[in-house]
Amino acid sequence: MTATQARPQTLLVASITEPDPPLEAQVQTCLAAGADLVELRVDCIRDEAAVERLLARSTQRRFILTVRSAEEGGHWDASESERIALIERLGLLQPGFIDVELATWLRSANVRQKLALVCQTGGEGAELDAAGPIARPRNRLILSYHDWQQTPADPDAILDRFAPTPAGVIKLAWMAEDACDGLRALELLRRRGGERPLAVLAMGEGGIAARVLAGRFGGYLTYAAARRGAESAPGQPTLAEVIGLYRWGERSPDPDVYGVIGWPVTHSRSPHVHNAALREAGIDAVYVPLPVRPEQEAFRRFIEYVCANDWLGMRGFSVTLPHKEHAWRWLCDRGGRLSPPAAKCRAVNTLTREADGRWSGDNTDGDGAVAALADALGEQGRLAGLRVEVLGAGGAARAVVAALLDRGACVVVTNRTAGRAERLADELGCQTRAWAQRGEGPLDVIVNCTSVGMEPRSDETPLPAQRLAAGMIVLDTVYTPRQTRLLREAAERGCVTVAGTEMFVRQAAAQFRRWHGCGAPLAAMRAALEVSL
Ligand code: NAP
């Protein structure tokens with residue numbers, strides 16, 4: 001499939017929450033970057049005069065005016081009557097849209113009448129118009145509902161409460177505990193979006209996919225922060241991320257969907273690497289973070305939800321901690337296909353929805369490590385017969401050991417917890433060495449598969465520097481930071497070093513080939529990873 005230039009019909013709203021830089025400059029930047037509308041969160045900006053000046057000077061009606069009440073998560077701290085008076089005063093300057101809570105609308109006839117003076121309601125305001133010649137600005141009324149605690153058990157019932165209102169746009173926002181809650185926002189949009197313009201937003205990291213995919217299901221609005229640190233709701237991506245990272249406007253509104261399942265996934269670099277690859281290859285797809293709570297049951301719930309809702313368009317997943325083994329177990333229970341590396345290490349880092357609708361599992365970590373090592377070995381690129389020590393016996397170690405053995409390397413495993421190393425060695429068929437003796441004896445290659453040296457404890461190393469001998473090849477699977485202490489000390493001692501970033505890009509490239517059936521644009525993936533670190 002090739003990317004089309006078709007633009008999603010969903011309006012992309014940039015939320016402005018601070019008075020500096022000057023509002024005009026912020027608005028210009030957001031519109032120039034690709035926002036369709038700009039929300040002025042007057043309760044956060046806390047400079048009513050600046051907002052008034054902006055609206056008075058503006059000839060465009062591309063604003064959403066919001067003075068959010070404290071009870072619905074806003075920062076308004078003066079009286080309710082002052083809030084309504086402010087909405088009315090600023091509303092007369094014709095922002096375009098006015099966002100008011102459903103609860104506020106329902107509360108009193110007096111409030112409804114005041115809002116009707118500045119909104120297209122067809123209700124009390126229309127009667128006022130009929131009574132006199134005063135031309136009132138007719139902003140569109142957004143009525144909104146927020147649940148900052150959880151995903152409502154019955155969102156349909158909440159939506160039904162909007163039925164008697166004159167809302168031009170209905171907006172529901174709820175807190176998503178994980179990706180499943182986020183996807184329920186899309187489910188509601190799909191089911192009820194045809195009734196009236198509807199925006200359903202899932203807050204928290206679990207809602208990113210729903211925000212990015214709103215266009216696929218006819219969401220009327222989706223929101224982005226003007227800049228990182230100025231979000232109007234938790235988990236809100238920035239405008240730059242929605243447009244750049246998640247390819248808004250560059251892909252069709254109906255892309256294939258891929259993502260990374262893990263807990264946490266906030267810091268995963270996979271969305272950067274895969275979306276860059278999709279862009280470079282011109283594939284109409286998007287890749288999103290999917291936080292799924294750490295329990296096996298949560299993984300099962302998520303994946304079964306995806307299976308039961310094919311309309312989501314989800315075609316493949318990267319699987320990261322702590323779900324690699326959960327994915328393997330789920331596929332085993334379902335009789336799904338497992339590639340030899342995945343079956344061997346009993347861990348799946350890649351799930352693929354096949355053309356017949358069934359899911360299959362691979363593990364590309366080992367191939368990623370081997371490909372990175374083969375590059376460092378130069379022309380012959382052969383691992384057969386080389387003496388390799390693997391530090392660690394967790395999930396990464398299992399995949400790396402299996403791939404090395406497959407290439408004919410002589411592998412010895414060492415781990416802080418000896419029993420774990422022994423189990424791994426028994427299952428995969430290699431030697432073990434006591435942790436105290438790691439790095440001793442003649443070795444050609446050392447691969448660190450422990451998490452030692454990873455941020456924030458980047459001053460640590462899994463191996464005393466004096467055990468590093470010139471000429472050895474040292475691969476550190478840790479890739480945050482890019483240059484670990486182990487790699488720095490290895491380079492100082494004349495070793496050939498291979499960064500975990502290279503393994504990361506290679507394993508992602510193997511996923512890309514698996515999903516899209518074409519070569520992976522390695523240079524673009526590498527560059528995206530470098531920029532993201
Ligand atoms: P895991 O299953 O949790 O295993 C962690 C390993 O680290 C275990 O062997 C553990 O030893 C060891 N360890 C942890 N703290 C230690 C300490 N203070 N001293 C000695 N050993 C310690 O994790 P994993 O999935 O294998 O991941 C391990 C590393 O690989 C992570 O840093 C991850 O980022 C990296 N990784 C990189 C890539 C890539 O593409 N570059 C891909 C996958 C993983 P015990 O058994 O004694 O606890």
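FYI, side chains are in, hydrogens and waters are out, and symmetry mates aren't considered; it's all heavy atoms of this structure. Note that ligands are numbered from 1 as they come in the structure, with each ligand's atoms numbered from 1 the same way.
- Counting only residues at least two apart or on different chains, the ring pair (Phe, Tyr, Trp, His ring centres under 6.0 Å) pairs with a member in residues 429-485 are Tyr479-Phe504.
- Contact annotation: the side chain of Pro253 never approaches that of Thr10 to less than 4.5 Å [non-hydrogen atoms, C-beta and beyond].
- Every protein residue with a heavy atom nearer than 4.0 Å to ligand 1 is included here: Leu321, Lys324, Asp365, Gly392, Ala393, Gly394, Gly395, Ala396, Asn415, Arg416, Thr417, Arg420, Trp435, Cys449, Thr450, Ser451, Val452, Met454, Thr477, Val478, Tyr479, Gly500, Met503, Phe504, Gln507.
- Under the salt bridge (Lys or Arg N to Asp or Glu O under 4.0 Å) criterion, Glu460 pairs with Arg457, not counting sequence neighbours.
- Between the side chains of Thr432 and Glu422, not a single donor N or O lies within less than 3.5 Å of an accepting N or O.
- When the salt bridge (Lys or Arg N to Asp or Glu O under 4.0 Å) test is applied to Asp406, the partners found at least two apart in sequence or on another chain are Lys344.
- Side-chain contact between Gln507 and Asn349: present, with at least one pair of heavy atoms (C-beta onward) separated by less than 4.5 Å.
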